[in-house]
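Input: a single structure, listed below in structure tokens.
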There are 2 protein chains.
Amino acid sequence: MSTGWQEVQAEVLRRIQNREWPPGGLIPGEVALAREFGCARATVNRALQALADDGWLERRRRAGTRVALSPLRRAQMSVAVLRKEVEALGKTYGHRLLMRKVAGSLLSLQTLHQADGAPYGIEDREIDLTHLPAAGSADFTILSANEWLVQNAPFDHGNMSYMSEGATAFDARHLECEEATPLLVLYRETFSEAGRITRVRLAHAPGHVVRLQI
Amino acid sequence: MSTGWQEVQAEVLRRIQNREWPPGGLIPGEVALAREFGCARATVNRALQALADDGWLERRRRAGTRVALSPLRRAQMSVAVLRKEVEALGKTYGHRLLMRKVAGSLLSLQTLHQADGAPYGIEDREIDLTHLPAAGSADFTILSANEWLVQNAPFDHGNMSYMSEGATAFDARHLECEEATPLLVLYRETFSEAGRITRVRLAHAPGHVVRLQI
DNA sequence: GGTATGAATATGTCTATACATATTGAACAA
DNA sequence: TTGTTCAATATGTATAGACATATTCATACC
């Protein structure tokens, strides 16, 4: 029997998906599985660990390994730079800095993102200069704030929200659509250890689709 | 020096985030790091592997390990059952099956999901009975199709799309809003090995927010 | 110059062993 | 009954050693 941890993983996953090991059920211990597959316990451990990371199994010392009760799947999307998102569509990216304003330690920016010259999204951003003083002297007319931040402001964590909103007068003017047109709007905050780095509202052009993989 | 792979991971991550090891740069080999940290190569391997899984590092045999050039972060959301989503808001879940129709091997369903009696989302679903004959005889008035499928139709993969759409007459009637109100609409397909299991369009009630963690 | 060949090397993975640690459940005490 | 203690046990993790595999680089060859 060939003994790779990936093969062990595949076989265990198959048993889970085929209900041979039902949700909530206890599966054999690592030692037993190692004997069955004819490999070392470490190999089984590697496989089960990977499955636990992916949410298929729940493992606790002494208590053993169970098939996850609610196999709540995670959907993933990559948080790409807008330029790359546009280029991935085979279009030419462009952007225009519409507004730049400093109020205290808060830098406000408005940027229009374009794909082949057409409006792609309108961005309204605030950057906290106390946590990121370099942003005060950066030239966002060349590199967009979106891309500059990805390269210069590594963040710990953040959150994103998608909402459906009718286009405001501001949105409509820059996205070249009617007011109240349904738009997909993204709100995002990112934090470093010190605190919030930036907050952004991005209204996408009409018809924009966000895709996730499950 | 205490030697846990998590500590090695933490220290390496610190160096990446502090630009001590710049993006695109080659980092020391596993043997060198093991010597520095005073642990076995396998321990360093475990740590670097984890960081590579998270997208911080790119590793290739013989070529060595590099700090990822574009630390393209992934945003995650859990694909929960609607009932749990509603209950997580502290509200009482309810649903009504509005329509059930079989055309050939295609089962069509329309379901209204409710939170505290108010409309939460209106679902339009197709299920392929050739891949899932059991769905033909299930009673979706008790357990919603959404939940029944999660429990009975393990899937390999799938995709989701979010769009912003104006409420159709159908949406508006059931979600109790004006026509053309901006709605967040979810399209989802899930596949098993055999083929597509189900396709669904879910129009959320006005004001719905989708949150993701980065 | 361009191409084939092979040695060197960094990561990938498996093994056997050992000890750590959390948790369970039984035995026992208050 | 309730609480405490303790041994048993499944997973967590570290280690040294070995071999596999991909890739690079230098070298030899045409």
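Reminder, nothing fancy here: chain letters follow the sequence lines and each chain counts from 1.
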Rounding to a whole Å, what distance do you find between A/R35:CZ and C/dT15:P? 15 Å

Phosphate oxygens OP1/OP2 of C/dT11: is one of them under 4.0 Å from a side-chain N or O of B/Q49? no

Run the side-chain donor-acceptor check on residues 104-118 of chain A: report pairs under 3.5 Å with partners two or more places apart or on a different chain.
unit_1	atom_1	unit_2	atom_2	d
A/H113	ND1	A/Y93	OH	2.7
A/H113	NE2	A/E123	OE1	2.9
A/D116	OD1	A/T92	N	2.8

Take atom CD of A/E30 and atom P of C/dC14, then tell me their distance rounded to the nearest Å. 14 Å

Can you sort out the partners of A/R15 under salt bridge (charged side-chain N to carboxylate O under 4.0 Å, His left out), two or more places apart, ordered by chain and number? A/E11, A/E36

For D/dT13 and B/T43 - does any side-chain N or O of the residue sit under 4.0 Å from the phosphate oxygens OP1/OP2? no

Salt bridge (charged side-chain N to carboxylate O under 4.0 Å, His left out) filter on B/E85, not counting sequence neighbours, yields none

If the cut-off is 4.0 Å, is A/Q6 near the phosphate of C/dT13, judged by side-chain N/O to OP1 or OP2? yes

Reading nucleotides 17-25 of chain D 5' to 3', which nucleotides get B (base under 4.0 Å from a protein heavy atom), which S (sugar-phosphate only), which -? -B--BBBBS

Does a side chain donor of either B/S144 or B/R83 reach within less than 3.5 Å of an acceptor in the other side chain? no

From CZ of B/R59 across to C1' of C/dT13 the rounded distance in Å is 12 Å

Once you round it to whole Å, what is the distance between C1' of C/dA10 and CG of B/L33? 12 Å

Nearest-nucleotide check on DNA chain C, B/V31 vs A/A40; residue mapping nearer the 5' end is B/V31

Just the rounded figure in Å: distance from C1' of C/dG12 to CH2 of A/W5. 10 Å

Suppose the criterion is salt bridge (Lys or Arg N to Asp or Glu O under 4.0 Å): which pairs have a residue in residues 23-35 of chain A, not counting sequence neighbours? A/E30-A/R41, A/E30-A/R59

Write out all pairs satisfying salt bridge (Lys or Arg N to Asp or Glu O under 4.0 Å) with one or both partners inside residues 17-28 of chain A, taking only residues at least two apart or from two chains. A/R14-A/E20

Could you tell me how far apart B/R46 (CZ) and C/dT11 (P) are, to the nearest whole angstrom? 17 Å

C/dT13, OP1 or OP2 - any side-chain N/O from B/N45 closer than 4.0 Å? no

Whole-Å distance between D/dT11 C1' and A/E58 CD? 15 Å

Test side chain to side chain donor-acceptor pair (under 3.5 Å) on B/T130 and B/D128 and set out the steps. CA-CA 6 Å; B/T130 56; B/D128 189 328; 2.4 Å; yes

Whole Å only: how far is the CG atom of B/L48 from the P atom of D/dA14? 13 Å

